Amino acid sequence: MAKLTVKDLEVRDRCVFVRVDFNVPLEEKDGQMVITDATRIQETLPTLKLLSERGGKLILASHLGRPKGKREPSMSLRPVAGRLQELLGRPVKFVDDCIGDEVEQAAKAMKAGDVLLLENLRFHKEEEANDPAFAEKLAKPAAVYVNDAFGSAHRAHASTEGAARMVAKRGGPCAAGLLMERELKFLGQELENPARPFLVILGGAKVSDKIQVIDRLLDQADTVLIGGAMAYTFRLAQGFKTGKSLVEADKVEVAKAALAKAARRNVRFLLPVDDLVAVPFKTAKLDKKGKPVIDYRDLRVNTDLNCPDDAAGLDIGPATLKTYSEVVAKARTILWNGPMGLFEDKRFAQGTQGVARAVAEATRKNGAKSIIGGGDSVKALNQARLGDQVTFMSTGGGASLEFLEGRVLPGVAALTDQSPNSP
Ligand code: 3PG
Ligand code: MG
């Protein structure tokens, strides 16, 4: 059922608890934590502006990273307050906890339109445990609850679930923010009756991460294109050699079932017909976990469906990119999730960037609706500077996948249903 949204709310002079997903990437520079991508902050601005302009007193809460119940200075939200203030164009007050006296005092001192950002929710272990007493403390100052944190909506945590239930129990409304509403529209309703051909492009390392999504989308899609290391698990299932490519040998039956379902439902299911392969070797450098960093030599295009014994497949090849681009050009609706290769390494980024260009072009030239399901595909589009040339890019990673799998997200379920006779 449709959920109440911020557009339906009366918030003047009321405290609004707004769960946002400000879990942004940070990097240390000269002893300071610097935000390297502010997309998630940017995307909440419409909701925050609407609520502030309507005179709400906004108490914003988010997690950052996985501090596991401890105060971890490198995961403080303080730098986010600074950036938000710039982007919003109004003062943002910061309190260095998310519950307690200081928060209550700050909330009491707020005037209509003011914005307050709380410290990282996950500095308290009760957040992830969805502890009711903690949820009550979070919800204490709030008359209204808003969730604009689509990226965290798959978590049943105190701020995404428990606090909403507490506000609802007191008769307060619990509404979706504008970003949340858009995410649910593009990853949900828009794909229920897609303009056809409906093309799904799936990549990434593992079949196991995507199998639920594949299974569900095989009911709706006309064509599925597969890229990334997960293609090799499918090739293994077909009896080909995969060399040193990343495969999930224990997922071969799962891959076979997907291939059989595609055949049964007449879905065109394409796997790469050529690839860029290279010989992996251990370098003397160690990664963060103390393991040797892997590098690659002897890069070459392989046109055999069998991968050479000494090599790993790391990107789709030129013939595959050509075919995939032609399929993309004919699609009316495109859903893309997951890169075509190890795109973080420039040498293996051509397949992913080529698909990104094809998707952007289909959107621009043919009016195709292109929906990017979050995570690495968003990174790849931004890297290719094509982020603004697709119809929609999700801010979710795990949340987008779970939603595309057809699961009910706890953070959405906790929101108030739109009454049947409201517009
Ligand atoms: C994300 O970036 O995936 C969300 O912010 C959720 O974070 P989590 O995976 O640590 O729960
Ligand atoms: Mg995640």
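Here the structure is a predicted model, which means the values were calculated and not measured. The basis for the numbers below is simple: all heavy atoms, side chains too, and nothing from hydrogens, waters or symmetry mates. Atoms within a ligand are numbered from 1 in the order they appear, just like the ligands themselves.
Using a 4.0 Å cut-off between a side-chain N of Lys or Arg and a carboxylate O of Asp or Glu, Asp131 and Lys137 do not qualify as a salt bridge. Salt bridge status for Lys261 with Asp219: present, with a side-chain N to carboxylate O gap under 4.0 Å. Salt bridge annotation for Glu253-Lys256: present, with a cationic side-chain nitrogen under 4.0 angstrom from a carboxylate oxygen.
Below 4.0 Å from some heavy atom of Arg155 lie the following atoms of ligand 1, by number and element: 8 (P), 9 (O), 11 (O). Listed by atom number, the atoms of ligand 1 under 4.0 Å from Asp21 heavy atoms are 4 (C), 5 (O). Ligand 1 places these atoms under 4.0 Å from at least one heavy atom of Asn23: 1 (C), 2 (O), 4 (C), 5 (O), 7 (O). Per-residue contacts place Gly151 under 4.0 angstrom from the following atoms of ligand 1 (heavy atoms of the residue considered): 4 (C), 6 (C). Those atoms of ligand 1 with a heavy atom of Arg122 less than 4.0 angstrom away are 7 (O), 8 (P), 10 (O), 11 (O).
For atom 7 (O) of ligand 1, the closest heavy atom belonging to the protein is His63 NE2, 3.1 Å.
Note on ligand 1: His157 sits outside its first shell, no heavy atom being nearer than 4.0 Å.
Judged by the 6.0 Å and 45° rule, Arg78 forms no cation-pi pair with Phe94.
Considering both main-chain and side-chain atoms, His154 never comes within under 3.5 Å of ligand 1 through any nitrogen or oxygen pair. Between Arg66 and ligand 1, a contact under 3.5 Å exists for at least one N or O pair.
Glu248 and Ser208 share a side-chain donor-acceptor pair at under 3.5 Å.
A tilted orientation is assigned to the rings of His124 and Phe134, their planes being inclined by 30° to 60°.
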Given side-chain hydrogen bond (donor to acceptor under 3.5 Å, both in side chains), test Thr333 with Arg196 step by step and report yes or no. CA-CA 6 Å; Thr333 308; Arg196 295 187 180 275; over 6 Å; no
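Looking at Glu128 against ligand 1, nothing comes within 4.0 Å, counting heavy atoms.
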